[in-house]
Amino acid sequence: MALGATSVTIVAIADDEAILAMGKKGTVPSLYALPEGLHQWKSLGPVPRSTSSIVRYFPAPSPGVLWVVPPINLSVDPAGQVFSAEYV
């Protein structure tokens, strides 16, 4: 079940019971999913390089959406720091 990341933070359990996590490989933070019953993490892509990003999962019939945002007023996207990924 190794991810190869130096640190991993579980951010949510998806509707399909997959574990959703944010991990870092070196200095690059990325989102990952570990589907129920599998032993291999699936990369959902790198995220903006903010050390204090907030990750939120919003379920939907299909797909769900993961948002990564800096902990500030979200009325603007400061220098490309807002990231979203569909989770199927």
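The figures that follow rest on heavy atoms only: side chains count, while hydrogens, waters and symmetry mates do not.
- Here the closest heavy-atom approach between residue Ser30 and residue Pro46 is recorded as OG-CA, 3.5 Å.
- With rounding to the nearest 0.5 Å, the separation of CH2 in Trp41 from CG in Leu20 is 8.0 Å.
- The two residues Pro29 and Lys24 come nearest to each other via the heavy atoms CA-CG, 3.9 Å.
- Taking every heavy atom of both residues into account, Ala18 and Pro35 meet most closely at CB-CA, 3.7 Å.
- Atom CG of Leu34 is separated from atom NE2 of His39 by 8.5 Å, given to the nearest 0.5 angstrom.
- Taking the side chain as every heavy atom from C-beta outward, Ile19 and Ile13 approach each other to under 4.5 Å.
- Taking CD from Glu36 and CG from Asp16, the interatomic distance works out to 7.5 Å, rounded to the nearest 0.5 Å.
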